[in-house]
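Before any comments, here is the structure.
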Amino acid sequence: MTAGPPVPVRAVLRQWRLIPDDVRMLSSRSNTHWAIRRGTEAFVLRRYRSGHPGPSIAYEFEVLRHLHARGWPVAAPIDDVVWHEKSAFALFPRLPGRAPGRENDRRRRDRGRILAELHRDLVGLDLGQRVGWRRTDEIVLPDGAPPETDDLVGPIRAHWSDVHKRLTKATEGGLPVAVVHGDLIGSNLLFEHGKLTGVLDLDSTHLDLRAADVACARRSATDEVVLGYLAAGTLSAVELGCLDDLWRASVLRYAAQLLASTAPNIPVVPELEWCLRQLDKTCPFDNLLVSPGSQD
């Protein structure tokens, strides 16, 4: 958990006229979250990481409100963002349920199906690109890098060159683009008595290739997620063939953010080492799992 000066949580909450009975920190890796309780009401307070501008937060809020209006169990923000001592804070209702923990194949397929249904309800949402974001096929690595990363930058740039060439060739005809979730992993879904009760962490929502969102949910080789997606939606043969490189590109985007970061509390070297492990172990989607003729 990141150390730092104490946050005057109760003072921040007063800006929403909220006097809590209990405050408990939940996480502090990127954004910081606290569980807030007032009587029978439960909330989550988020402090956005530094460098997260107001228009970027407003974009996330628009996506949350759009999905909430369509019946999705997302935590739509309570009022607008509050600024306190140059930090942005947002208040959300706390959703019921729990993440399933270790996923089995059925849960992975369910997650893929949920992502396909989410994409259907995001089609047509015209927000443009989120401030500070690029599409996965538009990643650019910064020229400079911290000196302590010298041994890591070479392999990362080699991966970027290979991935960039392959994606440029594969996507020259264009692929479907839409607002995406950005990180629909298992821990970002909540269930209660078998029912979906929460879709979390739209902090990464932005405009991107639809297949890039599937690739981030699939990660290195979780093909059951793709099969679940295909049971409820469609992906072209080109999209299926790009999934491994789109995951690599999303990892490279994170590496680019790390190399450009000036935040003193980010462990750049361990995180770049994680990136290299991800780049080395991913593999193509097993198209043999899809019956011939089932996709475009």
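Remember, predicted model here, so these are calculated numbers, not experimental data.
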Donor-acceptor pairs under 3.5 angstrom involving side-chain atoms of residues 187-194: please list them, not counting sequence neighbours.
{"residue": "N188", "atom": "ND2", "partner": "D183", "partner atom": "O", "Å": "2.7"}

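Taking 4.5 Å as the limit, every side-chain heavy atom of V199 sits out of range of all side-chain heavy atoms of L67. Between L207 and L127, the closest side-chain pair of non-hydrogen atoms is not below 4.5 Å. With contacts defined as side-chain heavy-atom distances shorter than 4.5 Å, the pair L243/P284 does not qualify. Within the 4.5 Å cutoff, the side chain of V7 has heavy atoms near those of the R47 side chain. The shortest distance between side-chain heavy atoms of L272 and L259 falls below 4.5 Å. Looking at heavy atoms from C-beta onward, L141 lies out of side-chain contact with R253 at the 4.5 angstrom threshold. Counting only heavy atoms from C-beta outward, the side chains of E239 and T234 never approach each other to under 4.5 Å. For the pair Q278/S220, a side-chain contact is recorded, criterion being any heavy-atom separation below 4.5 Å from C-beta on.
Closest non-hydrogen pair, I185 versus C216, comes out as CG2-O, 4.3 Å. The two residues A116 and G233 make their nearest non-hydrogen contact at CB-N, 3.9 Å. In terms of heavy atoms, A256 sits closest to V140 at CB-O, 3.8 Å. Counting all heavy atoms, side chain and backbone alike, T205 lies closest to V180 at OG1-O, 2.7 Å. Taking every heavy atom of both residues into account, C275 and L258 meet most closely at SG-CD1, 4.2 Å. Of all heavy-atom pairs between H206 and R134, the closest is CD2-O, 4.0 Å.
Residues V63 and I114 share a hydrophobic cluster, clusters being chains of Ile/Leu/Val/Met/Phe/Trp/Tyr side chains in contact below 4.5 Å. A continuous path of ILVMFWY side-chain contacts below 4.5 Å connects V82 to L13, so both sit in one hydrophobic cluster. Taken together through direct or relayed side-chain contacts under 4.5 Å among Ile, Leu, Val, Met, Phe, Trp and Tyr, V74 and L115 form part of one hydrophobic cluster. When the side chains of ILVMFWY residues are joined at heavy-atom separations under 4.5 Å, either directly or via intervening members, W133 and L125 end up in two distinct hydrophobic clusters. One hydrophobic cluster, built from ILVMFWY side chains closer than 4.5 Å, cannot hold both V131 and L202; they sit in different ones.
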Handout entry: Intermediate values then yes/no, salt bridge (charged side-chain N to carboxylate O under 4.0 Å, His left out), E60 and R130
Key = CA-CA 8 Å; E60 177 189 354; R130 188 174 184 174; 3.6 Å; yes

Practice task
Would you check, one step at a time, whether the test side chain to side chain contact (heavy atoms under 4.5 Å, CB included) holds for L276 with L279?
Solution key: CA-CA 5 Å; L276 280 174; L279 292 165; 4.3 Å; yes

Handout entry: Derivation and outcome, salt bridge (charged side-chain N to carboxylate O under 4.0 Å, His left out), residues R65 and D80
Key = CA-CA 12 Å; R65 289 170 176 142; D80 293 322; 3.7 Å; yes

Problem - Pair R14-V12, side chain to side chain contact (heavy atoms under 4.5 Å, CB included): steps then yes or no - result: CA-CA 5 Å; R14 280 198 294 272; V12 172; over 6 Å; no

Practice task
Step by step, work out the side chain to side chain contact (heavy atoms under 4.5 Å, CB included) result for D79 and W16.
Solution key: CA-CA 8 Å; D79 296 326; W16 285 285; 3.9 Å; yes

Problem - salt bridge (charged side-chain N to carboxylate O under 4.0 Å, His left out) evaluation trace for R108 with D105 - result: CA-CA 5 Å; R108 294 184 184 106; D105 286 353; 2.9 Å; yes

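The CD atom of E62 sits 9.5 Å away from the CG atom of L64 when rounded to the nearest 0.5 Å. With values rounded to the nearest 0.5 angstrom, I36 atom CD1 is found 10.5 Å from D21 atom CG. Taking CD of E117 as the start and CG of L196 as the end, the distance is 9.0 Å to the nearest 0.5 Å. To the nearest 0.5 Å, atom CZ of residue R94 and atom NE2 of residue H33 are 11.0 Å apart. D121 contributes atom CG, which lies 6.0 Å from atom NE2 of H66 (distance to the nearest 0.5 angstrom). Remark: I78 CD1 to L45 CG distance equals 10.0 Å, nearest 0.5 Å.
Salt-bridge annotation for D245 and R166: present, with a side-chain N of the basic residue lying under 4.0 Å from a carboxylate O of the acidic one. Between E41 and R37 there is no salt bridge, since no side-chain N of the basic residue sits under 4.0 Å from a carboxylate O of the acidic one. The pair R49-D203 counts as a salt bridge, with a side-chain nitrogen and a carboxylate oxygen less than 4.0 angstrom apart. With respect to the salt-bridge test (charged N to carboxylate O, under 4.0 angstrom), the residues R218 and D213 do not qualify.
Side-chain contact, Y229 with H119: a donor N or O sits under 3.5 Å from an acceptor N or O. No donor-acceptor contact under 3.5 angstrom links the side chains of T282 and D244, judged on distance only. For the residue pair H159 / D280, a side-chain donor-acceptor distance below 3.5 Å is found, with atom types taken as modelled. Side-chain contact of E271 with Y254: a donor-acceptor pair under 3.5 Å is present, judged by distance alone.
Its side chain outside the 4.5 Å cluster rule for every partner, V225 clusters with none of the Ile, Leu, Val, Met, Phe, Trp and Tyr residues.
Judged purely by atom type and a 3.5 angstrom limit, R46 has no side-chain atom pairing as donor or acceptor with the backbone of L91. Panel note: side chain W160, backbone I139; a donor-acceptor pair is recorded below 3.5 Å. At distances below 3.5 Å, at least one donor-acceptor pair connects side-chain atoms of S250 with backbone N or O atoms of W247. Counting only distance, with no hydrogens or angles, the side chain of R10 and the backbone of P20 share a donor-acceptor pair below 3.5 Å. No donor-acceptor pair closer than 3.5 Å links the side chain of R109 to the backbone N or O of V226. Checking side-chain atoms of T149 against main-chain N and O of P146 turns up a donor-acceptor pair under 3.5 Å. At distances below 3.5 Å, not a single donor-acceptor pair connects side-chain atoms of S161 with backbone N or O atoms of R157.
Taking a 6.0 Å sphere around CG of D143, one finds it holds 12 or fewer heavy atoms contributed by other residues, nucleotides or ligands. By the neighbour-count criterion of 12 heavy atoms within 6.0 Å, atom CG of D22 is densely surrounded, having more than that number from other residues, nucleotides or ligands.
Using cut-offs of 30° and 60° on the angle between ring planes, the pair Y48 and F61 is tilted.
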